[in-house]
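Notes for the one structure printed next.
Quick note on labels: first sequence line is chain A, next is B, and so on, each numbered from 1.
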Amino acid sequence: MPRTPRRLAGAAALALTAALALTACGSSGARPGSANAVVSKEANSSPYQGTPLTAHFDKPDLTLTDTGGQPYSLRQQTAGHTTLLFFGYTSCPDVCPTTMGDIGVAMQKLPAEDQKKIDVVFVSTDPQRDTPKVLRTWLDSFDKDFVGLTGSLDQVKAAAKSLGILVEDPVVNKDGSVTSSHGAQVLAFLPSDDRAHVLYLSNTSQDVFAHDLPLLAKGVAA
Amino acid sequence: MAGAKRFSRFALAGAGLAAALTATATAIVVASGGDSHAAARLSVADPYIPLPAGADQMAAGYLTVTNAGRGADRLVRVSSPGASSVTMHRSTESSMESVDGLEVPAEGALTLTRGGTHLMIMGWKQPPAVGDQLELDLTFEKAGTIAVQVPVKPLTYRPGS
């Protein structure tokens, strides 16, 4: 069952539409948890509080530089591991630190052996300013084991696009601040097939992550 | 004659009613135009700044402005004696946009919260630490400036947690 490019594109569009619809619910005042519950019929039968995906994206074929300055192949180095993937930038004041902080708080509630089963990967959308050192300092505030990747913006854009995530060029504002893109969602890849099975909008509550991380660590099907 | 009297009495009553309505309408206009506190009665609750994660000390500020008054107001400027830049932003689907002002609805609230509308704070005069307080001067179109002492909280803090 080889996947044609057309089918992949269609799947990405579907997932993006779901994400947009969810965000629309969130901005009208509904809590993310309850919004997630109504997005799809599958959600009702899923053990996860995050949104089960019907399009199971492959991990993007992405090799960038990690915070130790070494090449890091996302596919090879997270193979067979539950992986949480988020795109963002460190000078982002609101969504990025909130999202990574919520994951960090939930991770710290897990037993150490479960923590080791989950790779949390943050891919920079502002590689020019997010050097390995800048990324490491920022990520250490959340969790010293979080992986940070930086490198070619074109590669990052292509990888994000394959997951239905739009990454645009950073804009340097008059006051010197930088506005870049962040994903609207965190994607969870399961160890069974290294594909994305659960989506978390970036305003998902800590409680939802705390509920789902033990399931993700065990690789429970969505 | 009798008919004419009756008519004039009716007309007078009508004129009196109109005068009363005018007086009431005038009173409302005076209240909202003359005394800003009667129009928008603002108070600020739950202000906090999560400790910035990065070396650039890019920070966000969150708070709720409650308006108990019958007139709307608008937050038009925020500044701080302890930071060189405080701007208003709204997070969007995949980025954020700066905004010129934020409405404080009558008998409602303006809520600045994680993942939504927030203040962006840059250029700290002293590196922030948990427990510090930063003064934010919130300037409203009608109510003037309200100074708030905003505590720096742990990175993952949320009100009520």
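Contact count versus chain A (heavy atoms, under 4.5 Å) is highest, among B:Ser94, B:Gly115, B:Ser95, B:Gly116, for B:Ser94. Contact count versus chain B (heavy atoms, under 4.5 Å) is highest, among A:Thr179, A:Leu135, A:Val95, A:Thr98, for A:Thr98. Of the residues considered (B:Gly123, B:Ala60, B:Ser84), B:Ala60 shows the highest number of contacts with chain A, using heavy-atom pairs under 4.5 Å. Chain B forms the most heavy-atom pairs under 4.5 Å with one residue out of A:Gly101, A:Ser91, A:Pro97, and that residue is A:Ser91.
Formation of a donor-acceptor pair under 3.5 Å by the A:Asp114 side chain with backbone atoms of A:Pro111 is not found in this model. Within the 3.5 Å criterion, the main-chain N or O of B:Ala72 finds a donor-acceptor partner in the side chain of B:Lys142.
Interface residue A:Ser180: only backbone heavy atoms are found under 4.5 Å from chain B. Contacts between B:Met122 and chain A at a heavy-atom distance below 4.5 Å involve the side chain alone, from C-beta outward. Neither the backbone nor the side chain of B:Thr111 comes within contact range of chain A; no heavy atoms are under 4.5 Å apart. For chain B, no part of A:Val134 is nearby; none of its heavy atoms comes within less than 4.5 Å. Proximity to chain B is absent for every atom of A:Thr125, based on heavy atoms less than 4.5 angstrom apart. Interface remark: A:Glu168 contributes no atoms to any contact with chain B (heavy atom separation under 4.5 Å).
Taking non-hydrogen atoms and a 4.5 Å limit, the residue list of residues 136-150 of chain A in contact with chain B, ordered by number, reads A:Thr137, A:Trp138, A:Ser141, A:Phe142.
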Test log, rule side chain to side chain contact (heavy atoms under 4.5 Å, CB included), inputs A:Val123 and A:Phe87: CA-CA 5 Å; A:Val123 178; A:Phe87 291 77; 3.8 Å; yes
Verdict with supporting geometry, A:Thr78 and A:Asp119, side chain to side chain donor-acceptor pair (under 3.5 Å): CA-CA 7 Å; A:Thr78 64; A:Asp119 293 332; 5.2 Å; no
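In this structure, B:Asp73 and B:Leu42 have side chains that are in contact, with non-hydrogen atoms separated by less than 4.5 Å. Under the 4.5 Å side-chain criterion, counting only non-hydrogen atoms from C-beta, B:Leu102 is in contact with B:Leu112. Taking the side chain as every heavy atom from C-beta outward, B:Val86 and B:Ser79 never approach each other to under 4.5 Å.
Ring geometry, A:Tyr89 versus A:His182: the interplanar angle falls under 30°, so the pair is classed parallel (tilted spans 30 to 60°).
A salt bridge does not link B:Arg77 with B:Asp137: every distance from a Lys NZ or Arg NE/NH1/NH2 to an Asp or Glu carboxylate oxygen is 4.0 Å or more. Ion pairing of A:Asp102 with B:Arg158 is present here, as a side-chain N (NZ or NE/NH1/NH2) and a carboxylate O approach within less than 4.0 Å.
Atoms CD and CD, from B:Glu141 and B:Glu103 in turn, are 7.5 Å apart once rounded to the nearest 0.5 Å.
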